[in-house]
Number of protein chains: 2
Amino acid sequence: MATTRDRQLHDRELVEQWRSIQDSYFRTAGAIDRALEAKFDIGLNEFEILDLVADSEESACRMKALGERTPMTQSAVSKVVDRLEKAGLVSRQTCVDDRRSLFLELTEAGRALHSSAAVEHRALLKENLG
Amino acid sequence: MATTRDRQLHDRELVEQWRSIQDSYFRTAGAIDRALEAKFDIGLNEFEILDLVADSEESACRMKALGERTPMTQSAVSKVVDRLEKAGLVSRQTCVDDRRSLFLELTEAGRALHSSAAVEHRALLKENLG
DNA sequence: TGTCATTGAATGACGCGTCATATACATTGA
DNA sequence: TCAATGTATATGACGCGTCATTCAATGACA
């Protein structure tokens, strides 16, 4: 049978493992966020949405789909898109089939920024993930 | 030499890997946070501080040391401790050697809550980390 | 066609973390 | 002993994410 001592050891390992995950998550996310903020004036979440939009160019009614590919809330996505739109990087297009939906398009500026920022993003991922 | 195609494949893998880390991080943290919130009325960060304090019972001048064991900011730690203190789970003790410092002690209630919450916490870690 | 439930998105109140700063104490060195 | 500098924590303004709610458009079905 498992002794109390066994259980404590196991718990300690679990907690260690968790702390190390947290650490590497925060380290990586933080590094990317600061770099993008400094060089391109957008945060990590903004970039991730930009990246998803860039990636799925051409299928319709994005907004909804985005929510499914990100741990962000629907309302968070909506606000991130607000900022991207205000920054002139993305535009919301109404969707003719279903007028509740919207789909997103990169503007020229958005496309340009994305392609530079993506290089940075990939580089930092590589650097941080090993 | 590496072709553009090679680089794109490699980037895609990196991004996949990163999304999967994010996913498992958010899934785990979210699950723990919701459970602790529901059952014990404290958030994940509160628990982590509680857990650190419980773990290091007896060495002096905690506050500072805590900052070094957590990805949280010094000011975040200060505010988490505010809440824990308001909830009566922890108390700040002035430190005689260095009156700028504080060290923290679990109250009875804090100790009790921590030991129940820790069980839940470990269980969810195990469940989510595999 | 007229209800009723559902769905995509936006919004406002709210909590929390961060940054820059403030405050109190400590240390150093002349 | 008195600056000057450094260190431990607290605090206020601010940005962002979340939750609950709202609104418009759709779908289902009698």
Side-chain angles (χ1 to χ4, degrees), chain A residues 22 25-27 29-34 36-38 41-50 52-53 59-87 90-105, chain B residues 22 25-27 29-34 36-38 41-50 52-53 59-87 90-105:
Chain A
Q22 279 184 309
Y25 177 76
F26 280 115
R27 210 170 14 74
I32 297 175
D33 194 56
R34 282 188 295 277
L36 294 177
E37 200 73 64
D41 200 43
I42 63 174
L44 178 52
N45 281 347
E46 277 84 353
F47 174 79
E48 307 222 317
I49 292 298
L50 221 52
L52 287 174
V53 175
S59 53
C61 306
R62 297 291 90 226
M63 215 51 197
K64 177 63 193 322
L66 290 184
E68 289 155 13
R69 307 233 223 141
T70 214
M72 283 184 259
T73 299
Q74 173 264 318
S75 103
V77 173
S78 174
K79 292 181 182 186
V80 169
V81 172
D82 280 353
R83 276 171 256 142
L84 289 173
E85 198 173 28
K86 246 163 223 155
V90 133
S91 76
R92 285 187 235 240
Q93 313 273 131
T94 70
C95 176
V96 235
D97 327 358
D98 182 343
R99 281 162 35 205
R100 293 166 304 180
S101 293
L102 295 175
F103 71 103
L104 304 177
E105 240 179 41
Chain B
Q22 280 184 308
Y25 178 76
F26 279 114
R27 212 169 11 75
I32 297 176
D33 194 58
R34 280 188 297 277
L36 293 177
E37 199 73 65
D41 201 41
I42 63 174
L44 179 52
N45 281 348
E46 277 84 351
F47 175 78
E48 307 221 318
I49 293 298
L50 222 50
L52 287 174
V53 176
S59 51
C61 307
R62 297 293 90 226
M63 212 55 194
K64 177 68 194 320
L66 289 183
E68 289 155 14
R69 307 232 224 140
T70 212
M72 283 184 260
T73 298
Q74 173 265 318
S75 104
V77 173
S78 172
K79 292 182 181 186
V80 169
V81 172
D82 280 354
R83 277 172 254 142
L84 289 173
E85 198 174 27
K86 246 164 221 153
V90 134
S91 76
R92 285 186 236 238
Q93 313 272 132
T94 70
C95 177
V96 238
D97 327 358
D98 183 343
R99 280 162 37 206
R100 293 166 303 180
S101 292
L102 295 175
F103 69 103
L104 304 177
E105 239 180 41

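Letters A, B, ... are given to chains in the order of the sequence lines, protein chains preceding strands, and every chain is numbered from 1.
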Open item on the list: dA10(C), OP1 or OP2 - any side-chain N/O from S78(A) closer than 4.0 Å?
Closed with: yes
Open item on the list: I need the CG-P distance between L84(A) and dG17(D), as an integer number of Å.
Closed with: 11 Å
Open item on the list: Heavy atoms from C-beta onward define the side chain here; which of dT26(D), dC25(C), dA10(C) lies closest to that of D98(B)?
Closed with: dC25(C)
Open item on the list: Let me confirm one number: the CE-CG distance from M63(B) to L104(B), rounded to the nearest 0.5 Å.
Closed with: 6.0 Å
TODO: Select one nucleotide: of dT9(D), dT18(D), dT11(C), the one nearest the side-chain heavy atoms of A76(A).
DONE: dT18(D)
Task: dA10(D) phosphate, OP1 or OP2, under 4.0 Å from R92(B) side-chain N/O - done: yes
Open item on the list: Output the rounded distance in Å from CG (L102(B)) to P (dA24(C)).
Closed with: 14 Å
TODO: Test F47(A) against every option in L84(A), V80(A), L36(A) by the side-chain contact (heavy atoms from CB on, under 4.5 Å) rule and name the one that passes.
DONE: L36(A)
Open item on the list: I want to verify a distance call: between dT26(D), dT11(D), dG12(C), whose nearest atom is closest to the K79(A) side chain?
Closed with: dG12(C)
Task: Residue closer to the 5' end of DNA chain D, E46(A) versus V77(B) (nearest nucleotide) - done: V77(B)
Open item on the list: Assuming nearest nucleotide by heavy-atom distance, tell me which of R99(A) and P71(A) is located more 5' along DNA chain D.
Closed with: P71(A)
TODO: Supply the atom-to-atom distance M72(B) CE to E48(B) CD, rounded to the nearest 0.5 angstrom.
DONE: 6.0 Å
Task: Interatomic distance, D97(A) CG vs dT7(C) C1' [rounded to whole Å] - done: 15 Å
Open item on the list: Using only modelled atom types and a 3.5 angstrom limit, is any donor from either the side chain of S101(B) or the base of dC25(C) paired with an acceptor on the other?
Closed with: no
Open item on the list: Given 3.5 Å as the limit, does a donor-acceptor pair link the side chain of D33(B) with the main chain of G43(B), or not?
Closed with: no
- [ ] Rounded to the nearest angstrom, tell me the gap between atom CG in D82(A) and atom C1' in dA9(C).
- [x] 10 Å
Open item on the list: Rounding to an integer number of Å, can you tell me how far D41(B) CG sits from dG15(C) C1'?
Closed with: 13 Å
TODO: Map S75(A) and V80(B) onto DNA chain C by nearest heavy atom, then report which one ends up closer to the 5' terminus.
DONE: S75(A)
- [ ] Just call it for T73(A): base, sugar-phosphate, or nothing, with non-hydrogen atoms closer than 4.0 Å on any strand.
- [x] sugar-phosphate
Task: Residue R100(B), side-chain atoms from C-beta onward, closest of dG8(C), dG12(C), dG6(D) - done: dG6(D)
- [ ] Looking only at side-chain atoms of R83(B), point me to the closest of dT18(D), dA9(C), dG17(C).
- [x] dG17(C)
Task: Short side-chain N/O contact to dG17(D) OP1/OP2 from N45(A), under 4.0 Å - done: yes
- [ ] Give me the ring orientation class for Y25(A) and Y25(B): parallel if the planes are under 30° apart, tilted from 30 to 60°, perpendicular past 60°.
- [x] parallel
Open item on the list: I'd like to know if Q74(B) reaches the base of dA10(D) with its side chain, counting only an N/O donor and acceptor under 3.5 Å.
Closed with: yes
Task: Nearest-Å distance for atom pair CG/C1', residues L44(B) and dT18(D) - done: 16 Å
Open item on the list: Please determine whether a side-chain nitrogen or oxygen atom of K64(A) lies at a distance below 4.0 Å from atom OP1 or OP2 of dG8(C).
Closed with: yes
TODO: Send over the distance from L36(B) CG to dC16(C) P, rounded to a whole Å.
DONE: 14 Å
- [ ] Measure from CG on D33(B) to P on dG17(D) and round the result to the nearest Å.
- [x] 16 Å
- [ ] Check whether any side-chain nitrogen or oxygen of R34(A) sits under 4.0 Å from OP1 or OP2 of dC19(C), and answer yes or no.
- [x] no
Open item on the list: Within this structure, what is the CZ-OG1 distance for the pair R99(B) and T94(B), rounded to the nearest 0.5 Å?
Closed with: 8.5 Å
